[in-house]
Amino acid sequence: QAEDGIRDVERSRGLGDVYKRQSLFHGVDIGDFCVDRVPMHVNKPINTLLGEYVEYVRFKPDIEFLGTETSYENKVSKGIQLQRNWFLELSSGGYIPKKFWCKVFRDLKRKVSVARYYGEIKKANLERRLIAVSYEREVLTYDKLVISLPLPYIINKLNLRVNGESFKYVSLFINLLIIDNYVGENKVIYVGKTHVVPHTIIIINLSDFNERLSNYALVYVMSSVKHPYVDIKGEFFERILVDVKRLGIVNVGNIKAYRVFMEKYGLLGILDDEAVDVLNTLRGYDVVLLGRLGSWKEVSINDLLTHVQV
């Protein structure tokens, strides 16, 4: 491991759903520090969270658009009507914690102490407020059931009948690169070229985040995938690197470290009437749906932080 804290080039250990590999906010470790799995910023910094002071870095990117707007939207949405395309919101800039959201999340998590039952939901009787969890001998009773797991997952576990197409989403294949010898500005590049796989590339200059990384940049290469465990092949990563090299955006020879992973519920689709009815049914049984995936609602970081403050 070098003095900058970054290990030599290596891949992530494998693809996995976020809810099986901790929260999206947990981030990913690269050397002796963590970075966020996806680029996240706030429009207005909240400097104190649960008593913890948070220092921010201003993120104001240069914007570049390649190809056509229609092609870009099609590449992102994969034909699904999305609640919002949060990639476009990156163009307005904002604030990113100096130690990234992953470190903020981990620090806040240490401040919370609650009784926990670990295991997978086996079955539930919502009318009687009963739930059976694997590894627990007894059936648990509840007054209020708070769910932040992905809604399609939990509905399946609760044996609720709903059309499989009611909860649509687009998965994201994410290539996270750390490159050295970078002296440029923050950038967001929207790629509307049909012959190129990635649709959005975000470059964050790390000089303001860590003094040891003054010549480094964090690069997110984002690609939409409709069928994540069918479309992704072993050579997919190499294809994306070829596309990045062809675009001339970054020098792939300067890659110091990288991670490759899948964000299954990367972009959420609009709910149909049947799905809305299911949500109302759950709430009628004292089920509280929280978070982006639990409520199946695209919310901003500012919205989530405001809820934490309350």
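For reference, positions follow the sequence shown, starting with 1. Computed from heavy atoms alone, side chains included, the values below leave out hydrogens, waters and symmetry copies.
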List the steps, then state whether ring-ring contact (aromatic ring centres under 6.0 Å, His included) holds for Tyr182 with Tyr216.
-> CA-CA 5 Å; Tyr182 184 78; Tyr216 289 82; over 10 Å; no
How are the rings of Trp296 and Tyr169 set relative to one another: parallel (under 30°), tilted (30 to 60°) or perpendicular (over 60°)?
-> perpendicular
Is His41 reaching over with its side chain to a backbone N or O of Gly93, donor-acceptor style, under 3.5 angstrom?
-> yes
With ring centroids as reference points, do Phe59 and Tyr95 lie under 6.0 angstrom apart?
-> no
Would you find a donor on one side and an acceptor on the other, under 3.5 Å apart, between the side chain of Asn186 and the backbone of Asn205?
-> yes
Taking 4.0 angstrom as the limit, do Asp286 and Arg129 come out as a salt bridge?
-> yes
Hey, any chance Val242 and Ile240 share a hydrophobic cluster, counting ILVMFWY side chains that come within less than 4.5 Å of each other, even indirectly?
-> no
Output yes when Lys187 and Glu64 qualify as a salt bridge under the 4.0 Å nitrogen-oxygen rule, no when they do not.
-> no
On the 0 to 90° scale, with breaks at 30° and 60°, tag the Phe87-His199 ring pair as parallel, tilted or perpendicular.
-> perpendicular
Under 3.5 Å, side chain of Glu55 to main-chain N/O of Lys98, donor-acceptor pair present?
-> no
Supply the atom-to-atom distance Asn215 CG to Asn181 CG, rounded to the nearest 0.5 angstrom.
-> 6.5 Å
Ile178 vs Val219 side-chain heavy atoms within contact, under 4.5 Å = no
Ignoring hydrogens and geometry, is there a side-chain-to-backbone donor-acceptor pair from Arg259 to Asp29 under 3.5 Å?
-> yes
Give a yes or no on whether Lys75 atom NZ has more than 12 heavy-atom contacts from other residues, nucleotides or ligands under 6.0 Å away.
-> yes
Answer yes or no: is there a side-chain heavy-atom contact under 4.5 Å between Val287 and Ile147?
-> yes
Side-chain donor or acceptor of Ser71 paired with backbone N/O of Gly192 under 3.5 Å = yes
Within a strict 4.5 Å, meaning less than it, do heavy atoms of the Leu267 and Val76 side chains meet?
-> yes
State, with a plain yes or no, whether a side-chain heavy atom of Asn254 is found less than 4.5 Å away from one of Val250.
-> no
Do Asp107 and Phe105 have side chains that get closer than 4.5 Å, going by heavy atoms?
-> no
Euclidean distance, Asn175 CG relative to Leu241 CG, rounded to 0.5 Å = 6.5 Å
side-chain hydrogen bond (donor to acceptor under 3.5 Å, both in side chains) between Tyr72 and Thr200, intermediate numbers included = CA-CA 9 Å; Tyr72 174 77; Thr200 310; 2.8 Å; yes
Is it true that Lys103 and Asp36 make a salt bridge, defined as a side-chain N closer than 4.0 Å to a carboxylate O?
-> no
Is any side-chain heavy atom of Ser171 less than 4.5 Å from a side-chain heavy atom of Lys78?
-> no
In terms of hydrophobic clusters joined by side-chain contacts under 4.5 Å, are Leu82 and Leu88 together?
-> yes
State the CZ-OH distance between Arg128 and Tyr142, to the nearest 0.5 angstrom.
-> 12.0 Å
Using the ring of each side chain (for Trp, its six-membered ring), is Phe237 parallel, tilted or perpendicular to Tyr258, with breaks at 30° and 60°?
-> parallel
Asp273, CG: over 12 other non-hydrogen atoms inside 6.0 angstrom = no
Heavy-atom count around Glu185 CD within 6.0 Å, excluding the residue itself: above 12?
-> no
Hey, quick one: are Ile270 and Leu293 part of the same hydrophobic cluster, counting side-chain heavy atoms closer than 4.5 Å, chains of contacts allowed?
-> no
Hey, are the side chains of Leu176 and Ile30 touching, using non-hydrogen atoms and a 4.5 Å cut-off?
-> yes
